[in-house]
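Protein chains get the first letters and strands the later ones, always in sequence-line order, with residue 1 at the start of each.
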There are 2 protein chains.
Amino acid sequence: MSANKLTAAEFHILLALADEDRHGLGIVDEVECRTDGEVLLGPGILYGSLKRMVEEGLVEEATERPDPEHDDPRRRYYHVTDRGSEALRAEASKWARVVEVALEKDILDKRAAT
Amino acid sequence: MSANKLTAAEFHILLALADEDRHGLGIVDEVECRTDGEVLLGPGILYGSLKRMVEEGLVEEATERPDPEHDDPRRRYYHVTDRGSEALRAEASKWARVVEVALEKDILDKRAAT
DNA sequence: TCACATATATCACGTTCTGATATATCAGAT
DNA sequence: ATCTGATATATCAGAACGTGATATATGTGA
């Protein structure tokens, strides 16, 4: 839609990786759980987005593996880069603004989402 | 229920129409102004989305014209339907939840745009 | 009536999304 | 050991969506 914008899938992936490195299906689980099953990432959009995001420097494959004791060598863990972190912050800020407008226009009430 | 997922463009259009009926370029202006020029709807996505949204019953062409004194007959004004209103509320609610998560993960500070 | 801005519309092309399919490995049961 | 089902990554074709150029027509003011 406009310059420097993340797709919804890229945004959800970055948000999933914000607090810890995760592997592909770990990202899917975090997003599904966090959105109560409303955002479901299929394999196409997941691995396609991750590939693109590595190329764009938003994420990188993690060098260290969390919990090497109980590891699964098939997994590829991803880590947010500084650039990805900044893109996430900018995008989250845009959506925060949108939610504010929704409140101003009485589309949402102020009650906490639960 | 409504597996009715909105695109980002549809969401911005519904949000623009939430407080008053607007015509095509009026929607573009509202979105551009509200997002500080970060979301720019070109003619393709604008009229394409509106056409689709009428077909899906999210909006309808307005019967009455605001300010008939200084009117421009080329304009086509749009009005949000009940269904569109509900879809907007649901989508805004999802993004509100996402923004909350962003706050929890320390991606945003609490003092937002204003 | 001329020039420019406004307004809607469509098109070709590129990007992104969806769901099916493929391949391989792991973990536990037989 | 090997069978089975779950886990994990990957790719692909077709659909859906977004982009920017182009087209057509009309309003507005000089």
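- Remark: B:R97 CZ to B:E100 CD distance equals 7.0 Å, nearest 0.5 Å.
- When distances are taken from the side chain of A:Y78 to each of D:dA10, D:dG18, C:dA9, the shortest belongs to D:dA10.
- Taking the six-membered ring where the residue is Trp, B:H12 and A:W95 present parallel rings, their angle staying beneath 30° rather than reaching 60°.
- Toward the 5′ end of DNA chain C lies the nearest nucleotide of A:S49, the other residue of the pair A:R74 and A:S49 mapping further downstream.
- Counting any heavy atom pair closer than 4.0 Å across all strands shown, A:P73 reaches sugar-phosphate atoms only and no base atom.
- Hydrophobic clustering of Ile, Leu, Val, Met, Phe, Trp and Tyr side chains at less than 4.5 Å, counting indirect connections, keeps B:L50 apart from B:Y77.
- Counting any heavy atom pair closer than 4.0 Å across all strands shown, A:G42 reaches no nucleic acid atom.
- Close to C:dT18, at under 4.0 Å from its OP1 or OP2, lies a side-chain N or O of B:K5.
- Here the P atom of nucleotide C:dT16 and the CD atom of B:E10 are 18 Å apart, to the nearest Å.
- Rounded to a whole Å, the CG atom of B:L6 is 17 Å from the C1' atom of C:dT16.
- The side chain of A:P43 has C:dA20 as its nearest neighbour among C:dA9, C:dA20, C:dA7.
- Rounded to whole angstrom, the span from the CD1 atom of A:I45 across to the C1' atom of D:dC12 amounts to 14 Å.
- Computed from coordinates, the A:I13 CD1 to D:dT9 C1' distance equals 14 Å when rounded to whole Å.
- The separation between A:R52 atom CZ and C:dT15 atom C1' is 8 Å, rounded to whole Å.
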Could you walk me through whether B:R74 and B:H23 pass the side chain to side chain contact (heavy atoms under 4.5 Å, CB included) test, one step at a time?
CA-CA 10 Å; B:R74 295 173 302 174; B:H23 67 287; over 6 Å; no

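- Comparing C:dT10, D:dA10, C:dC17 by their closest approach to the side chain of B:K51 singles out C:dT10.
- Nearest-nucleotide positions on DNA chain D for B:D72 and B:L46 put B:L46 closer to the 5' end.
- Between A:R75 atom CZ and D:dA8 atom P the separation is 4 Å, expressed in whole Å.
- Grouping the Ile, Leu, Val, Met, Phe, Trp and Tyr side chains by contacts below 4.5 angstrom, directly or via other members, places B:F11 with A:L103.
- Separating the CD atom of A:E56 from the P atom of C:dT16 is a distance of 7 Å, rounded to the nearest angstrom.
- Between B:R22 atom CZ and C:dA7 atom C1' there is a gap of 17 Å when expressed in whole angstrom units.
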